[in-house]
2 protein chains.
Amino acid sequence: MDIPEDGKIKNLSTDCVIFGFSDETLKILLIKLAAEPEKGEWALPGNIIMRQENLDDAAKRVLKELTGLEKVFMEQVHTFGNVNRFPLFRIITVAYYALINPDKYHPEAGGRTSDVRWFPIEDLPDLAFDHNKILDYALNKLQRKIRFEPIGFELLPKKFTLTQLQSLYEAINGVKLDKRNFRRKILNMGMVIELDEYKEGVPYRPPQLYKFDKAKYDKLKETGLLSN
Amino acid sequence: MDIPEDGKIKNLSTDCVIFGFSDETLKILLIKLAAEPEKGEWALPGNIIMRQENLDDAAKRVLKELTGLEKVFMEQVHTFGNVNRFPLFRIITVAYYALINPDKYHPEAGGRTSDVRWFPIEDLPDLAFDHNKILDYALNKLQRKIRFEPIGFELLPKKFTLTQLQSLYEAINGVKLDKRNFRRKILNMGMVIELDEYKEGVPYRPPQLYKFDKAKYDKLKETGLLSN
DNA sequence: GCAAAAGTGTTTCCGCTACACCCATGA
DNA sequence: TCATGGGTGTAGCGGAAACACTTTTGC
């Protein structure tokens with residue numbers, strides 16, 4: 001039998017690319033491996049899949065065990081199963097990505113990891129195994145997805161400024177956008193609601209705060225979001 | 001050990017959604033199961049993954065064993081692994097889709113299948129297990145992909161008419177397109193080369209034949225194909 | 001008053017859409 | 001000569017892109 005009594009499927013794992021956005025920068029949460037093989041290398045958080053556990057649930061579990069967060073946007077990216085991707089034995093991994101707001105979570109090492117850290121997307125270390133490739137796939141999927149679905153809000157606090165939203169799009173796609181065109185486009189979509197609140201304590205004109213309009217989210221799913 | 005000596009990974013399979021295009025219709029190649037469970041049901045062709053076999057190679061093997069075809073466009077779609085998706089035990093399947101030209105292949109039953117048939121996309125039977133869901137995912141992926149990458153040619157003979165190409169796009173996306181607008185768009189892209197040949201033996205004005213311009217394929221990968 | 005980011009309109013251009021008639025052939 | 005699909009052009013519209021200055025606040 002392929003599935004032993006201890007409830008783990010040893011040739012199947014899930015790895016999770018956790019995206020966060022802070023300081024105008026797209027970041028990824030990595031762990032430092034505390035055990036061989038590749039001890040001391042940075043890697044994507046991941047785990048073995050349990051016998052009585054759906055794939056999506058396994059990915060959620062990885063995220064929760066690491067960050068304590070639940071009800072987070074997650075999506076399957078791709079499955080990586082080259083024969084030699086793991087040095088000790090054949091293991092296939094189903095990759096997911098997650099979008100979280102890093103303000104809600106401050107990483108803390110523990111368990112099988114000796115360190116946990118956010119890395120800016122443009123300054124990543126070499127990762128263990130084929131994790132750089134997995135990360136590339138996930139980023140690529142995020143970049144394409146955000147052009148057509150309003151998933152960017154998952155990375156922001158509930159109340160945000162339009163400049164924050166623009167920086168997010170710029171960080172994810174690595175482009176510069178025109179401020180006026182961006183604002184017009186977003187506002188025309190009616191995807192955000194302006195609040196009677198302004199960011200305080202900034203040494204310049206206080207920007208207005210907005211929130212995401214959940215009601216229009218679904219209508220826009222078919223329409224598409226940004227095309228550049 | 002999860003991987004027994006016979007070289008099969010019994011909790012991991014691959015299933016393949018094989019698309020073909022003929023008679024102006026998008027079709028899918030299905031097999032009739034010759035063994036329990038769900039004997040007699042139509043299903044996607046699939047197989048267990050071997051211990052020393054990459055996932056992509058397993059999918060290619062499924063296609064080759066069924067159709068004899070090699071060097072075919074294939075792409076991973078999604079991995080399905082809900083605990084109860086297969087009635088006898090836990091099995092996770094990595095789904096692929098393939099695009100083939102059905103003129104090159106006439107199905108013949110044999111081996112573990114009692115029947116093999118092309119089914120038009122708009123007249124599909126109920127499939128075994130979660131195969132209807134897998135098929136939906138694959139079709140959806142094909143529909144979205146073909147809008148931005150020139151993969152449609154994989155489904156056509158080497159020399160084709162622009163009307164054939166248009167019918168293909170219409171069949172895949174289930175829409176009607178304007179003939180003049182379609183032709184202009186395709187020709188503007190420079191993705192096809194007109195030949196000095198015409199289809200013969202038709203009881204109307206013989207249409208000109210075109211071939212795919214492989215050289216421009218790569219340039220267009222980034223640009224996008226059709227937006228409607 | 002200076003630094004720093006917020007906020008705001010108009011014009012131009014290009015691509016998409018809609019639309020109807022003549023052409024070449026086989027039967 | 002008729003039936004069938006092949007093949008062609010133009011005008012109008014709407015969304016995308018380019019572009020610069022004034023406003024408000026903290027220090």
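Reckoned from all heavy atoms, side chains included, excluding hydrogens, waters and symmetry mates. Throughout, protein chains are lettered first and strands after them, A, B, ... in sequence-line order, and every chain is numbered starting at 1.
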Could you tell me the separation between the [atom1] atom of [X] and the [atom2] atom of [N], rounded to a whole number of Å?
X      : N      : atom1 : atom2 : answer
A/F182 : C/dA6  : CZ    : C1'   : 15 Å
A/Q166 : C/dG7  : CD    : C1'   : 12 Å
B/L177 : C/dC16 : CG    : P     : 12 Å
B/L209 : D/dG7  : CG    : C1'   : 14 Å
A/L187 : C/dA6  : CG    : P     : 14 Å
A/Y169 : D/dA16 : OH    : P     : 14 Å
A/K179 : C/dA6  : NZ    : P     : 6 Å
B/M189 : C/dG15 : CE    : C1'   : 11 Å

Nearest to side-chain heavy atoms of [X], which nucleotide of [options]:
X      : options               : value
A/R205 : D/dG7, D/dT24, D/dA20 : D/dT24
A/P206 : C/dA6, D/dA18, D/dT24 : D/dT24
B/N181 : D/dG9, C/dG7, D/dA18  : D/dG9
B/R184 : D/dT8, D/dG9, C/dA6   : D/dG9

Quick one, which residues of residues 196-204 of chain B touch DNA chain D with a heavy atom under 4.0 Å?
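Residues of residues 196-204 of chain B that come under 4.0 Å of DNA chain D are, in numerical order, B/P203, B/Y204.
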For B/Q208 and B/E194, does a side-chain donor sit closer than 3.5 Å to a side-chain acceptor?
yes
Side chains of B/K199 and B/T161: donor-acceptor distance under 3.5 Å anywhere?
no
Is the B/F80 ring parallel, tilted or perpendicular to the B/Y137 ring (thresholds 30°, 60°)?
perpendicular
Over 60° means perpendicular and under 30° means parallel, so tell me whether B/Y105 and B/W118 are parallel, tilted or perpendicular.
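Ring orientation, 0 to 90° scale: perpendicular.
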Looking at B/F119, does the NZ or CZ of B/R117 lie under 6.0 angstrom from its six-membered ring centre and within 45 degrees of the ring axis?
yes
Toward the 5' end of DNA chain C, which comes first, A/P207 or A/D178, by nearest nucleotide?
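Going by which nucleotide is closer to the 5' end, it is A/P207.
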Most 5' of B/T163 and B/R180 on DNA chain D, judged by nearest nucleotide
B/T163
Ionic contact status for A/E75 with A/K145, cut-off 4.0 Å
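Counted as a salt bridge, because a side-chain N and a carboxylate O are separated by less than 4.0 Å.
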Please say which of A/E41, A/E38, A/R85 ends up in a side chain to side chain contact (heavy atoms under 4.5 Å, CB included) with A/H131.
A/R85
